[in-house]
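Naming: A, B, ... by sequence-line order, numbering from 1 per chain.
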2 protein chains.
Amino acid sequence: MKQTYSITELSREFDATPRTLRFYEDQGLLNPGRRGMTRVYSDRDRTRLKLALRGRRLGLTVEECKEIIDMYDPSRPRNARQLLRLCEKIREHRATLLEKFRDIEATLNAMDEVERRCLEELLAAPA
Amino acid sequence: MKQTYSITELSREFDATPRTLRFYEDQGLLNPGRRGMTRVYSDRDRTRLKLALRGRRLGLTVEECKEIIDMYDPSRPRNARQLLRLCEKIREHRATLLEKFRDIEATLNAMDEVERRCLEELLAAPA
DNA sequence: GTAAAAGTTGACGTGCACGTCAACTATAGA
DNA sequence: TCTATAGTTGACGTGCACGTCAACTTTTAC
């Protein structure tokens, strides 16, 4: 686990572009330090980027990713009220994820069915 | 299972807007018949809409949804070559779905961890 | 020291998935 | 028959997530 990363280093590791990292910084998702003018990304930035890209793959907006990542950030101190609210949010978030889970399940099942019919047809009418 | 649906009927059932259904028609995803000027949606349209919205929730583009839905359409006759190609596409598609699956799994695990810490903190420092 | 490579800040462009009028038409119920 | 209700076709607008220059500065390698 390295300590710092350049912009191209990080963007290559996660198959993103520098533009995307700068955009995420504009949106407040990343907070790289500077050495002169050059951005220096920390392991925290790396983790947040990784989580953000994961969220994007699942169809979340960048804003939603930020909210969730901020909320889950372990370095954030919280009082009891905030902790309860976080638990509530986790329940909500879990529910939407489970919905996506079911969507994927349904799609996989449909695909299995199509594949089955496909193989049947191939056996029935070979080339 | 009804035979036909009006545009508002279908859009309400799936929590979409009429605009969305017309847009999907423009994109070639839906093919409603007409009674006069009025669109009449069939069960086939209903199924395709359902699949499309499911795909959208998973982050696919409308174009991708259309391609997949068209490919899987059971009413399409196919020769052996096309059947083999379909099997190939199914494998690919399954792979990307499994990736999303893992993304969700990873996120759920992260959430469990956060929740655990959250409950711990609540016990340690009650209001 | 100098050339190449990497980085920077604007600023405008783009593709997607609709939203949102406007202006009009068709249809069903009182 | 009149009127509300639902539907139609444009056409333009919008929010998001970057892509794509341009013009410039910095850093690294030799």
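- Spacing between atom CD of A/E63 and atom C1' of D/dC16 amounts to 11 Å, rounded to whole angstrom units.
- In this entry the distance linking CG of A/L10 with P of C/dA6 reads 16 Å, nearest Å.
- Contact between the side-chain N/O atoms of B/T8 and the OP1/OP2 oxygens of D/dG7 is found at a separation under 4.0 Å.
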Polar pairs (N or O, both sides) under 3.5 Å between protein and nucleotides 23-30 of chain D?
{"residue": "D/dT28", "atom": "OP1", "partner": "A/R35", "partner atom": "NH2", "Å": "3.2"}

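- With sequence neighbours excluded, the residues that form a side-chain hydrogen bond (donor to acceptor under 3.5 Å, both in side chains) with B/S42 are B/D45.
- Rounded to whole Å, the distance from CG on B/D26 to C1' on D/dC12 is 15 Å.
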Nucleotide N/O to protein N/O under 3.5 Å, stretch nucleotides 18-20 of chain C:
{"residue": "C/dC18", "atom": "OP2", "partner": "B/Y24", "partner atom": "OH", "Å": "2.7"}
{"residue": "C/dC18", "atom": "OP2", "partner": "B/R56", "partner atom": "NE", "Å": "3.0"}
{"residue": "C/dG19", "atom": "OP2", "partner": "B/T17", "partner atom": "OG1", "Å": "2.7"}
{"residue": "C/dG19", "atom": "N7", "partner": "B/R19", "partner atom": "NE", "Å": "3.1"}
{"residue": "C/dG19", "atom": "O6", "partner": "B/R19", "partner atom": "NH2", "Å": "3.0"}
{"residue": "C/dT20", "atom": "O4", "partner": "B/R19", "partner atom": "NE", "Å": "3.2"}

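- Residues B/I90 and A/I104 fall within the same hydrophobic cluster, defined by Ile, Leu, Val, Met, Phe, Trp and Tyr side chains chained together at heavy-atom separations under 4.5 Å.
- B/L60 places its CG atom 20 Å from the P atom of C/dG15, with the value rounded to the nearest Å.
- With rounding to whole Å, A/Q27 atom CD is found 11 Å from D/dG15 atom C1'.
- Atoms CZ (B/R34) and C1' (C/dT25) sit 13 Å apart, rounded to a whole Å.
- Partners of A/K66 according to the side-chain hydrogen bond (donor to acceptor under 3.5 Å, both in side chains) rule, which considers only residues two or more places apart in sequence or in another chain, are A/D70.
- B/F23 is linked by a ring pair (Phe, Tyr, Trp, His ring centres under 6.0 Å) to nothing, counting only residues two or more places apart in sequence or in another chain.
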Would you list the atom pairs, donor with acceptor, under 3.5 Å between side chains in residues 11-18 of chain A and any protein atom, with sequence neighbours excluded?
{"residue": "A/S11", "atom": "OG", "partner": "A/I7", "partner atom": "O", "Å": "2.9"}
{"residue": "A/S11", "atom": "OG", "partner": "A/T8", "partner atom": "O", "Å": "3.0"}
{"residue": "A/E13", "atom": "OE1", "partner": "A/R46", "partner atom": "NE", "Å": "3.3"}
{"residue": "A/E13", "atom": "OE2", "partner": "A/R46", "partner atom": "NE", "Å": "3.1"}
{"residue": "A/E13", "atom": "OE2", "partner": "A/R46", "partner atom": "NH2", "Å": "2.5"}
{"residue": "A/T17", "atom": "OG1", "partner": "A/R19", "partner atom": "N", "Å": "3.4"}
{"residue": "A/T17", "atom": "OG1", "partner": "A/T20", "partner atom": "N", "Å": "3.2"}
{"residue": "A/T17", "atom": "OG1", "partner": "A/T20", "partner atom": "OG1", "Å": "3.1"}

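- Separating the CZ atom of A/R22 from the P atom of C/dG7 is a distance of 8 Å, rounded to the nearest angstrom.
- Remark: A/I68 pairs with A/L60, A/Y72, A/H93 by the side-chain contact (heavy atoms from CB on, under 4.5 Å) rule, at least two apart or across chains.
- A straight line from CD1 of A/I7 to P of C/dA5 spans 19 Å, rounded to a whole angstrom.
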Result block: side-chain N/O donor-acceptor pairs under 3.5 angstrom for residues 26-37 of chain B, not counting sequence neighbours:
{"residue": "B/R34", "atom": "NH1", "partner": "B/M37", "partner atom": "O", "Å": "3.0"}
{"residue": "B/R34", "atom": "NH2", "partner": "B/E25", "partner atom": "OE2", "Å": "3.3"}

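- Remark: A/R116 engages A/E113 in a salt bridge, criterion side-chain N to carboxylate O under 4.0 Å.
- Not counting sequence neighbours, A/Y24 has no partner by the side-chain hydrogen bond (donor to acceptor under 3.5 Å, both in side chains) test.
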